[in-house]
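Predicted model only: the values in this text are computed from it and were never measured.
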There are 2 protein chains.
Amino acid sequence: MRDVIEEACPLTEVIDHVAGKWSIGVLVAAAHGPVRFTELERAINGISRRMLTLTLRKLERDGLLCRTVYPTVPPKVEYTLTAMAQELHETLRSLTDWAERHRGNIAAAQKHYDAAERQ
Amino acid sequence: MRDVIEEACPLTEVIDHVAGKWSIGVLVAAAHGPVRFTELERAINGISRRMLTLTLRKLERDGLLCRTVYPTVPPKVEYTLTAMAQELHETLRSLTDWAERHRGNIAAAQKHYDAAERQ
DNA sequence: CTGCATCCAACGGGATACTG
DNA sequence: CAGTATCCCGTTGGATGCAG
């Protein structure tokens, strides 16, 4: 069998861009237009300021998020998905569909597996 | 804005199933038929026995992988994707496409971002 | 051949406090 | 408002050795 890592490489790259605990949340929250820092903080339940900042920086670095600073007082910063990220967001819909079709099966499989182990 | 976590939930679930460092590799390696433990170990470059085992168990628990033991000497174990996992594997193709279309842009964005930071 | 057990290092991520 | 700085801990994953 061929080296599978090389074959799967582009796939793992995508995953890495969104694999953080909060990346998907930001992606979804910013999908329908520009969002401000505090809006994100409220929309993404449980995220800390620190993690929000880190996630935003990472997504910005990857070219998925566009950061616009308005030099006002108090400061105002808006985050927008890039075209690339919009496309990704739509692509991810098929994954959501898969998840919704099979989440029941998965839960059942896990339950069954755990029951068998405990014996 | 609504609670985004809830909305993105099924999506993060899928990611979790595949987010391990090696899960995708196993998924791809097993996509074209049953594979044995040692085959996987060789196909997935750099994986340790420990991590291979852990990854296999996790995928099996999630109902993505089917484990068949042949009670021979020496032992022989085959891993096969379940129908659900096959479906997932095909769904992931669209992600691969996205990655291949944009990996250049992403690399450029990162380079640009890093250059701007270093000033 | 196919694992499991143990030890250990690195990293992600939470809590908290401070700032332009 | 939109961050940055520190500290700290749990989890992930690598290395190695043993076993059915």
(request) Map Arg49(A) and Ala19(A) onto DNA chain C by nearest heavy atom, then report which one ends up closer to the 5' terminus. (result) Ala19(A)

(message) Using only modelled atom types and a 3.5 angstrom limit, is any donor from either the side chain of Arg50(A) or the base of dG14(C) paired with an acceptor on the other?
(response) yes

(request) Rounded off to whole Å, could you give me the CZ-to-C1' distance for the Arg42(A) and dA2(D) pair? (result) 13 Å

(request) Find the distance Ile44(A):CD1 to dG13(C):P and express it as a whole number of Å. (result) 13 Å

(request) For the side chain of Lys21(A), starting at C-beta, report the closest nucleotide among dG13(C), dC1(D), dG14(D). (result) dG13(C)

(request) Can you tell me the distance, in whole Å, between the CG atom of Asp16(A) and the C1' atom of dC11(C)? (result) 14 Å

(message) If I compare all heavy atoms of Ile15(A) with all of Ile24(B), which pair ends up nearest, and what's the gap?
(response) CG1-CD1, 4.3 Å

(request) Starting from P on dT2(C), measure out to CZ on Arg67(B) and report it in whole angstrom. (result) 10 Å

(message) Assess whether a salt bridge exists between Lys58(B) and Asp62(B), defined as any Lys/Arg side-chain N lying under 4.0 Å from an Asp/Glu carboxylate O.
(response) yes

(message) Given dG3(D), dG14(C), dA2(D), identify the nucleotide with an atom nearest to the side chain of Tyr79(A).
(response) dG3(D)

(request) Looking at every strand, decide which applies to Tyr70(A) at a 4.0 Å heavy-atom threshold: base, sugar-phosphate, or nothing. (result) nothing

(request) Answer yes or no: is there a donor N or O on one side and an acceptor on the other, between the side chain of Thr82(B) and the main chain of Gly63(B), under 3.5 Å? (result) yes

(request) Please determine if a side-chain N or O atom of Arg57(B) lies less than 4.0 Å away from the OP1 or OP2 oxygen of dG3(C). (result) yes

(message) Distance check needed: dT2(C) C1' versus Glu41(B) CD, whole Å only.
(response) 9 Å

(request) Please confirm whether the backbone N or O of Ala19(B) pairs with a side-chain atom of Ser23(B), one donor and one acceptor, at under 3.5 Å? (result) no

(request) Report which part of the nucleic acid Thr53(B) touches: base, sugar-phosphate, or nothing (heavy-atom distance under 4.0 Å, all strands). (result) sugar-phosphate

(message) Would you say Thr38(A) places a side-chain N or O within less than 4.0 Å of OP1 or OP2 belonging to dA2(D)?
(response) yes

(request) In whole angstrom, give the distance that lies between atom CG of Leu54(A) and atom P of dT6(D). (result) 14 Å

(request) Verify the contact: side-chain N or O of Arg36(B) to OP1 or OP2 of dG3(C), cut-off strictly under 4.0 Å; return yes or no. (result) no

(message) In whole Å, I'd like the distance from the CG atom of Leu40(A) to the P atom of dC1(D).
(response) 13 Å

(request) Over 60° means perpendicular and under 30° means parallel, so classify the ring planes of His89(A) and His32(A), tilted if in between. (result) perpendicular

(request) May I have the distance from Lys58(B) (atom NZ) to dG13(D) (atom P), rounded to whole angstrom? (result) 10 Å

